[in-house]
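Written out below as structure tokens is the structure these notes cover.
Protein chains get the first letters and strands the later ones, always in sequence-line order, with residue 1 at the start of each.
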Protein chains: 2
Amino acid sequence: MKIDSRHLEIISAIVDQGGLTEGAEALGKSQPSVSRTVAMLEARIGARLFEKNRRPLQPTDLCLALAVEGRKVLAANQTASSLVRRYIDGKSGVVRVGGTPFFMDGVISNMIAEFQRAFPDIRIEQSYAYAADLSRQLESKALDVAICPMDPNALPENLKFSALLDGRNVIACSPTHPLAGKPSLRLSEIANYPWIAPPVDSPLYQDLRSVLAGIGMTDFKVSFSGGSLASITNILARSDALTVLPYSVVFMLRRQQALAALPIRINHPQRSLGQMWSPLQNARPSVKRFRRFIDTEFSNLRTTIMKHEQNALWRR
Amino acid sequence: MKIDSRHLEIISAIVDQGGLTEGAEALGKSQPSVSRTVAMLEARIGARLFEKNRRPLQPTDLCLALAVEGRKVLAANQTASSLVRRYIDGKSGVVRVGGTPFFMDGVISNMIAEFQRAFPDIRIEQSYAYAADLSRQLESKALDVAICPMDPNALPENLKFSALLDGRNVIACSPTHPLAGKPSLRLSEIANYPWIAPPVDSPLYQDLRSVLAGIGMTDFKVSFSGGSLASITNILARSDALTVLPYSVVFMLRRQQALAALPIRINHPQRSLGQMWSPLQNARPSVKRFRRFIDTEFSNLRTTIMKHEQNALWRR
DNA sequence: CAATTTTCATAACGTAAAGGCATATAAGCT
DNA sequence: AGCTTATATGCCTTTACGTTATGAAAATTG
């Protein structure tokens, strides 16, 4: 004797509202519909649920027992509905975000922290990769959004990209570095310091080479390579080494006195930091919300940087 | 965003069974049906429930959360089904039984105790009344079954009656009464004892009068009247009073040494103890079960009485 | 106690969807 | 690559839900 769960809901609604009409209203149905459903259910199970021809509708003992179960169904249904609603509103779900290590660690992780403070029920699955891999993962739907520096002209087919910040790089060092804080520098002054190189498969490694070539340095001493942002800042802090890092990463870490930028203008690649995603895969609400969040966070970051530069507290 | 509870059940079944086919089987539905229901649900809420085109069907986070609620629905549904099944089988429910006080207290209450030991989830609503009232209550559906002495010829229209036991009365006294245990008695011997009369509105009161008239006693001393069976047995135990009681009541109480019957044959009314019910009101399963139970109990009682009489341990 | 109101039951009709079978399609295994 | 197995789809039938209109019975009110 299988019972339709909806019927249990109806029973409990009628019992709790104390009447067929009110019960129907609470369920958002018409009174005749509920009446008929009850009649059919009674016929099916072969038992009265309400005493016949009694005006304050009198539930049977069986009916009262079923109403108890109906309340459980109704409660489960309500939480399910709220789960779905939160999901649709983009307040719960998963976002699989990938990005280049230094950006993710230096810039995006702070934004993700903010995001999760606002939307604690959205789980972030973060991974590290470089542009080519990220594109592949986006296309194979293994990733919802990628955040990386990108030449908009080299954008793969089937992917969209929205720029967030200039891809400008700077020469970074410890704030306690002998050269830090000097108002201006000549290239010859940086020639003799050791260099920290990003992982060789990183685009930043190519940037480092081209930067140094651009300022006439074809030969340079690499004292360390391959670490993440955290190891690099730690090593920079305890040495006189220099490195090339994205401008925004250095900017974000200025507060913690972890990094300083040298006032040397270097040529930077034709790239922008931005979000990349696949328009073929229609994004989940949580992903949409995440992308919007990142957009506004970067919008804020841009104005902060602009003010900083106007205050001349931050020199190139 | 209202969710159909049945869909929650389906989701949990698929998740728990680890596949669409197995889930469908567990639900007793065909695989295509379940597949399409899931597809429609996904379309309606605008979210994937299972990763598309993955062979070990991979539930979404949202799906897993909904499956939790689905399990609650399924559980509630199962207990509801079992409630209904028990009700249909007559293993739960209510039986409203009415009867004449002495029979109920002396005979039926023991049977009800047995019944409730076998069917603890059937609630018995017992009430006391005499035949006329019982008939009325049966006809107004306020009672499911009545147990009372009845002249089958005087049975009201629309009611059925099935006899259980002869309506024979006996003269009862305390087992310690001076007359108790004597093999035979003359009427003159009982003339001088005081009498306990049943309530004046009771049929038994009329019986008492006619019995005494039948043995030539027109004048008798009533020392007590109006009590229930319990008070009467208590008073009998502590006095030399006599009374008239149904045979079966005295028989049932013989074990507790509460009553004895005098070996005087008295004329008894044209009545049988039996069950009365309304064939118009189709009985609930619990009521049917109760009636059947009473039938077999009385069947047993009849054979017990018969054996007793054959053993001559019980004399008239 | 008759009139009125309220509440439930029924009727008739249209529609959504669930159910089944047959079958196509795609994923994973050998 | 081919086979097996699991899921998706197409097509059709049936059930039951939804609506509005209306009838009937119980409770309330004057």
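Salt bridge absent: Arg136(B) and Glu139(B) never bring a charged side-chain N and a carboxylate O closer than 4.0 Å. Between Asp61(B) and Arg123(A) there is a salt bridge, since a side-chain N of the basic residue sits under 4.0 Å from a carboxylate O of the acidic one.
Here the straight-line distance linking atom OH of Tyr87(B) with atom OG of Ser82(B) works out to 14.5 Å at 0.5 Å rounding. In this structure, OG1 in Thr37(B) is found 8.5 Å from CG in Leu41(B), a value given to the nearest 0.5 Å. Considering CG of Asn158(B) and OG of Ser135(B), their distance stands at 11.0 Å, rounded to 0.5 Å. One finds the OG atom of Ser127(B) at 7.0 Å from the CG atom of Leu134(B) (value rounded to the nearest 0.5 Å).
When the shell of 6.0 Å around CD of Gln137(A) is examined, it contains more than 12 heavy atoms from other residues, nucleotides or ligands. Within 6.0 Å of atom CD in Glu22(B), more than 12 heavy atoms from other residues, nucleotides or ligands are found, so the atom counts as buried in its surroundings.
Side-chain polar atoms of Asp105(B) and Tyr128(B) form a donor-acceptor pair below 3.5 angstrom. Thr79(A) and Glu69(B) share a donor-acceptor pair across their side chains, judged by distance under 3.5 Å alone.
With axes fitted over five pairs at each extremity, the angle between the ends of the helix from dC1(C)-dG30(D) to dT30(C)-dA1(D) is 40° (10° resolution).
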Evaluate Lys91(A) against Asp121(A) for salt bridge (charged side-chain N to carboxylate O under 4.0 Å, His left out), listing each step before the verdict.
CA-CA 6 Å; Lys91(A) 289 176 181 162; Asp121(A) 292 342; over 6 Å; no
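In this structure, the CD atom of Glu51(A) is 18 Å from the C1' atom of dA27(D), given to the nearest Å. Atom CZ of Phe50(B) is separated from atom C1' of dA6(D) by 13 Å (rounded to the nearest Å). The CD atom of Glu22(B) sits 13 Å away from the P atom of dT5(D) (whole-angstrom rounding). At whole-Å resolution of the value, CD in Glu25(B) and P in dG20(C) are 12 Å apart. Taking atom CG of residue Leu27(B) and atom C1' of nucleotide dG20(C), one finds them 16 Å apart after rounding to whole Å. Atom P of nucleotide dA8(D) and atom CG of Leu57(B) are separated by 6 Å, given to the nearest angstrom. Here dA9(C) presents its P atom at 13 Å from CG of Leu41(A), a figure rounded to the nearest Å. Separating the CD atom of Glu42(A) from the P atom of dT10(C) is a distance of 10 Å, rounded to the nearest angstrom.
For the salt bridge (Lys or Arg N to Asp or Glu O under 4.0 Å) with Asp144(B), the lone residue among Lys288(B), Arg291(B), Arg96(B), Arg289(B) that qualifies is Arg96(B).
Looking at residues 59-73 of chain B, you'll see that no heavy atom sits under 4.0 Å from any atom of DNA chain D.
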Below 3.5 Å between N/O atoms, which protein atoms pair up with nucleotides 15-19 of chain D? Just atom names and distances, please.
unit_1	atom_1	unit_2	atom_2	d
dA16(D)	OP1	Arg44(A)	NH2	3.2
dC17(D)	OP1	His7(A)	NE2	3.2
dC17(D)	OP2	Thr37(A)	OG1	3.2
dG18(D)	OP1	Lys29(A)	NZ	2.6
dG18(D)	OP2	Ser33(A)	OG	2.5
dG18(D)	N7	Arg36(A)	NH2	2.7
dG18(D)	O6	Arg36(A)	NH1	3.1
dG18(D)	O6	Arg36(A)	NH2	3.3
dT19(D)	OP2	Ser30(A)	N	3.0
dT19(D)	OP2	Ser30(A)	OG	3.0

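Evaluation of the side chain to side chain contact (heavy atoms under 4.5 Å, CB included) rule for Asp201(A) yields Tyr130(A), Pro199(A) as partners, not counting sequence neighbours. The ring-ring contact (aromatic ring centres under 6.0 Å, His included) test applied to Phe115(A) returns Phe119(A), Phe290(A), Phe293(A), not counting sequence neighbours.
Between Thr21(B) and the phosphate of dT5(D), there is no side-chain N or O to OP1/OP2 separation shorter than 4.0 Å.
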Expected string for nucleotides 25-30 of chain C under the B/S/- scheme (protein heavy atoms, under 4.0 Å, primed atoms plus P, OP1, OP2 as sugar-phosphate) is -BBS--
